[in-house]
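Whatever order the structure lists them in is the order used to number ligands and atoms, beginning at 1. As the structure is a computational prediction, the values presented were derived from the model and not from experiment.
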Amino acid sequence: MIASSRILRKMVTAATVVTALVLVSNLISIRAQAQSGSVVKQAYGTTADGVAVDEYTLTNAAGAEVKIITYGGIVTSLKVPDRHGQLANVVLGFKTLADYETKNPYFGGIIGRYGNRIANGKFSIDGTEYTLAANNAPNSLHGGTKGFDKRVWTGKEVQDGGNVGVELTYLSPDGEEGYPGNLSVKVVYTLTAANELRIDYSATTDKTTVVNLTNHSYFNLAGNGAGAIYDHLLWVDADKYTPVDATLIPTGELASVEGTPFDFRAAKTIGSGVRSSSEQMVLGRGYDHNFVLNRPADNSLALAARLYEANSGRTMEVWTMEPGVQIYTANFLDGTLVGSSGGMYRQGDAICLETQHFPDSPNQADFPSTLLNPGETYQTTTIYKFTTD
Ligand code: BGC
């Protein structure tokens with residue numbers, strides 16, 4: 001009798017320990033899930049040509065969320081907290097795939113094979129001249145008529161501890177849009193646990209070609225549809241910029257920013273210079289210029305720019321390995337596009353900070369080279385890091 005009640009007591013204790021262990025392990029796994037974030041893939045739509053497009057939603061443990069579609073590798077939404085923890089989408093976008101296909105002024109897309117302009121749509125490599133579409137007459141802009149922002153990429157989920165991401169790949173065939181060489185491209189978007197959107201670009205080719213990849217997100221730290229970004233404070237680590245001609249092709253000069261609206265070495269509002277009578281601001285219809293970053297000689301990641309919006313307390317830092325950043329104040333938005341905010345977008349409603357090699361480098365021998373040879377790997381990283389004050 002005494003022996004059997006002792007056995008019973010032992011069994012009860014063992015069961016309690018097991019239950020407690022199960023509870024603890026459940027709690028640990030719930031916490032791990034919360035700490036690791038998630039990647040959710042779902043169907044987004046079908047292109048006019050009948051190709052299926054997926055959407056990847058990356059969410060980190062802090063609740064920040066990025067949506068990326070396989071059409072163009074477009075960042076359609078990027079939600080980050082303000083100083084009170086309230087999330088807002090800080091990029092412009094559209095509500096439908098059809099809008100992205102038919103009227104997108106490059107919102108959120110991966111730009112390639114060559115970001116920004118190539119003069120008269122022509123360049124030569126080793127004596128062979130290549131001709132591109134003059135889709136921004138007389139120049140070629142952002143990879144031509146159907147650049148990487150209009151191609152359907154192959155997506156694959158990536159998860160590494162607290163960092164969540166999507167790897168996008170695309171094979172740009174030899175001769176596509178006039179560029180030589182089969183270019184195999186990989187772009188990995190990662191939302192880190194520290195509220196960074198990290199973009200790792202890489203590419204290889206089988207013929208010498210030119211490559212200059214970037215992302216064309218239109219940022220508004222007060223939120224998508226919140227109006228103009230003229231009160232945003234901008235700091236850019238650049239002593240020089242590349243002035244342009246009337247068709248927005250760099251003249252080749254690296255001009256000092258000293259005493260010009262391009263001097264953001266001490267943070268100032270974008271509005272303070274955007275309507276300046278300086279010839280360059282008139283030519284650009286606002287900021288639409290490449291800044292020459294003061295960066296270390298090696299290709300390490302360096303802080304290039306910082307954008308701050310006082311009402312929300314949001315700051316965005318831009319870290320890059322690239323030598324330049326195209327600062328574009330959405331000068332061509334004219335109220336005709338209705339976006340994902342439900343309202344129309346007007347001039348100055350966002351700012352793009354497109355990290356890149358300089359525009360028209362294939363025709364400018366003194367600019368850092370954008371050539372990629374067979375056997376080499378193009379590799380570059382940019383990080384948009386969000387914090388609050
Ligand atoms: C260019 C602008 C162009 C815009 C298109 C920018 O990168 O510099 O001139 O209008 O992209 O959205």
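- Salt bridge status for Arg314 with Glu309: absent, with no side-chain N to carboxylate O gap under 4.0 Å.
- Taking the side chain as every heavy atom from C-beta outward, Asp239 and Phe262 never approach each other to under 4.5 Å.
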Note to self: Between Thr209 and Arg113, does the side chain to side chain donor-acceptor pair (under 3.5 Å) criterion hold? Intermediate values first, please.
What the structure shows: CA-CA 9 Å; Thr209 189; Arg113 190 175 297 200; 3.0 Å; yes

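- If you number the atoms of ligand 1 from 1 as listed, the ones under 4.0 Å from a heavy atom of Gln326 come out as 8 (O).
- In this structure, Arg275 places its CZ atom where only 12 or fewer heavy-atom neighbours from other residues, nucleotides or ligands lie under 6.0 Å away.
- Residue, atom and distance of the protein heavy atom nearest to atom 5 (C) of ligand 1 are Tyr106 CD1, 3.6 Å.
- Of the protein's non-hydrogen atoms, the one nearest atom 9 (O) of ligand 1 is Asp288 OD2, 2.4 Å.
- The protein atom (non-hydrogen) at minimum distance from atom 7 (O) of ligand 1 is Glu354 OE1, 2.6 Å.
- Taking atom 11 (O) of ligand 1 as the reference point, the nearest protein heavy-atom neighbour is His216 NE2, 2.8 Å.
- Taking only nitrogen or oxygen atoms, main chain and side chain alike, Pro105 reaches within less than 3.5 Å of ligand 1.
- None of Asp54, Val187, Ile69, Val166 except one satisfies the side chain to side chain contact (heavy atoms under 4.5 Å, CB included) rule with Trp153; the exception is Val187.
- For ligand 1, the atoms lying closer than 4.0 Å to a non-hydrogen atom of Asn116 are 1 (C), 7 (O), 8 (O).
- Under a hydrophobic clustering in which Ile, Leu, Val, Met, Phe, Trp and Tyr are joined whenever their side-chain heavy atoms come within less than 4.5 Å, directly or via other members, Tyr201 and Leu371 fall into different clusters.
- Within ligand 1, the atoms closer than 4.0 Å to a non-hydrogen atom of Phe332 are 10 (O), numbered from 1 in the order shown.
- Residue Asn290 forms a side chain to side chain donor-acceptor pair (under 3.5 Å) with just one option from His357, Gln356, Gln326, Glu354, and that option is Gln356.
- Residue contacts with ligand 1: Tyr218 is included, with a non-hydrogen atom under 4.0 Å away.
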